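Step one of this worksheet: look at the structure below.
Numbering starts at 1 and runs along the sequence shown. For clarity, every value in this text was computed on a predicted model and none was experimentally measured.
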Amino acid sequence: MDREEVRAFSNQYCLLRDVQFAAYELYARRFNLTAKELFVLDIIWFAEDGCLQSEICNRLSATKQTVSAIIKKFWKLGYLSLTGSETDRRNKVIRFTDAGLEYAGKIIPPAANAEIDAMAELNCEDIRELVRITTQFSEYMKQKFIAIGGETP
């Protein structure tokens with residue numbers, strides 16, 4: 001396949017990615033959140049024993065400052081608790097408070113169910129292929145951006 005054909009497919013893929021991100025962004029706005037805030041809530045929701053800020057940063061490829069500001073916002077609202085990590089006192093384990101569980105419980109489970117329902121529209125073989133190819137493409141993207149001077153993950 002020549003570069004122009006690849007470029008056309010790349011553009012088509014980017015449009016599809018943008019549609020997916022826009023779905024998250026529009027859903028988040030319904031709750032006066034940004035997509036990044038939604039993603040932080042999602043990560044904490046599914047972290048049974050809480051999670052560290054560094055884990056959220058790594059997962060979202062977000063800066064410590066960005067994640068810290070989001071955590072601080074939800075902490076000030078009384079939705080999160082921060083406790084010292086047993087393994088590293090410099091890190092805080094982030095968990096939902098009861099108020100945070102109630103708040104996020106109205107937002108995250110419906111979004112997670114929508115993702116699952118959307119994926120369930122595909123057959124098993126297509127799901128496996130989608131994940132396999134997306135994983136491969138994501139690795140190539142990471143490598144190529146590192147090669148042009150992007151940060152290492």
Side-chain angles (χ1 to χ4, degrees), residues 8-85 88 90-124 126-146 148 150-153:
F9 280 116
S10 178
N11 288 342
Q12 187 177 4
Y13 182 85
C14 289
L15 289 171
L16 294 171
R17 183 200 57 217
D18 294 345
V19 167
Q20 290 177 13
F21 189 80
Y24 290 113
E25 192 68 50
L26 289 171
Y27 182 75
R29 280 191 211 150
R30 290 177 44 197
F31 302 96
N32 295 314
L33 299 170
T34 65
K36 193 132 342 224
E37 290 169 336
L38 177 71
F39 297 154
V40 168
L41 292 177
D42 182 81
I43 292 168
I44 298 167
W45 182 265
F46 288 104
E48 290 183 22
D49 296 324
C51 63
L52 301 176
Q53 178 176 324
S54 59
E55 294 170 334
I56 297 170
C57 291
N58 289 338
R59 171 97 180 265
L60 298 178
S61 296
T63 65
K64 186 175 180 180
Q65 294 82 358
T66 298
V67 173
S68 181
I70 292 169
I71 291 167
K72 187 175 181 181
K73 171 187 172 176
F74 291 126
W75 177 77
K76 282 184 174 181
L77 291 168
Y79 296 152
L80 297 177
S81 69
L82 308 173
T83 55
S85 168
D88 183 353
R90 294 173 298 165
N91 282 311
K92 301 282 188 224
V93 178
I94 304 158
R95 293 183 179 90
F96 282 115
T97 61
D98 289 341
L101 284 170
E102 185 177 335
Y103 171 74
K106 296 174 185 171
I107 301 168
I108 301 306
N113 287 330
E115 289 172 331
I116 292 167
D117 291 345
M119 186 73 71
E121 293 289 326
L122 302 171
N123 67 50
C124 278
D126 288 343
I127 292 170
R128 284 188 186 94
E129 188 69 359
L130 174 66
V131 172
R132 184 187 72 75
I133 292 171
T134 303
T135 300
Q136 194 174 13
F137 179 66
S138 297
E139 274 304 309
Y140 293 149
M141 285 287 291
K142 191 166 46 173
Q143 291 170 13
K144 298 299 181 184
F145 274 87
I146 288 169
I148 61 168
E151 291 185 26
T152 57

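Among all heavy-atom pairs drawn from Q53 and S68, the shortest one is NE2-CB, 3.7 Å. When all heavy atoms of A35 and E25 are compared, the closest pair comes out as CB-OE1, 3.1 Å. Closest heavy-atom contact between G105 and P110: O-CD, 4.0 Å. Of all heavy-atom pairs between T134 and L130, the closest is OG1-O, 2.7 Å. Closest approach of V93 to D49, counting heavy atoms only: CG1-O, 3.7 Å. Here the closest heavy-atom approach between residue R95 and residue G50 is recorded as CG-CA, 3.7 Å.
Within 6.0 Å of atom NZ in K72, 12 or fewer heavy atoms from other residues, nucleotides or ligands are found, so the atom counts as exposed in its surroundings.
Side-chain N or O atoms of N113 include one that pairs as donor or acceptor with a backbone N or O of P109 at under 3.5 Å.
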(Q) Could you walk me through whether Q136 and Y140 satisfy the side-chain hydrogen bond (donor to acceptor under 3.5 Å, both in side chains) test, starting with their C-alpha distance in whole Å, then the side-chain angles of each, then the deciding distance to 0.1 Å, before giving a yes or no? (A) CA-CA 6 Å; Q136 194 174 13; Y140 293 149; 3.1 Å; yes

Q. Would I56 and I44 count as a side-chain contact (heavy atoms from CB on, under 4.5 Å) if you check the C-alpha gap in whole Å, the side-chain angles of each, and the deciding distance to 0.1 Å?
A. CA-CA 8 Å; I56 297 170; I44 298 167; 4.0 Å; yes

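Atom CD in E121 sits 12.0 Å away from atom CG in D126 (nearest 0.5 Å). Here L38 contributes atom CG and L33 contributes atom CG; the two are 6.5 Å apart, rounded to the nearest 0.5 Å. Interatomic distance, E115 CD to D42 CG, rounded to the nearest 0.5 Å: 6.5 Å. With rounding to the nearest 0.5 angstrom, the CG atom of N91 is 11.0 Å from the OG1 atom of T83.
F46 places a side-chain heavy atom less than 4.5 Å from the side chain of I108. W75 has its side chain out of reach of I94: every pair of non-hydrogen atoms, C-beta onward, lies at least 4.5 Å apart. With a 4.5 Å cut-off on side-chain heavy atoms, Y79 and L101 do not count as touching.
Here Y13 pairs with F137 under the ring pair (Phe, Tyr, Trp, His ring centres under 6.0 Å) rule; sequence neighbours left out.
Side-chain rings of Y103 and F96 stay apart, their centers remaining 6.0 Å or farther from each other.
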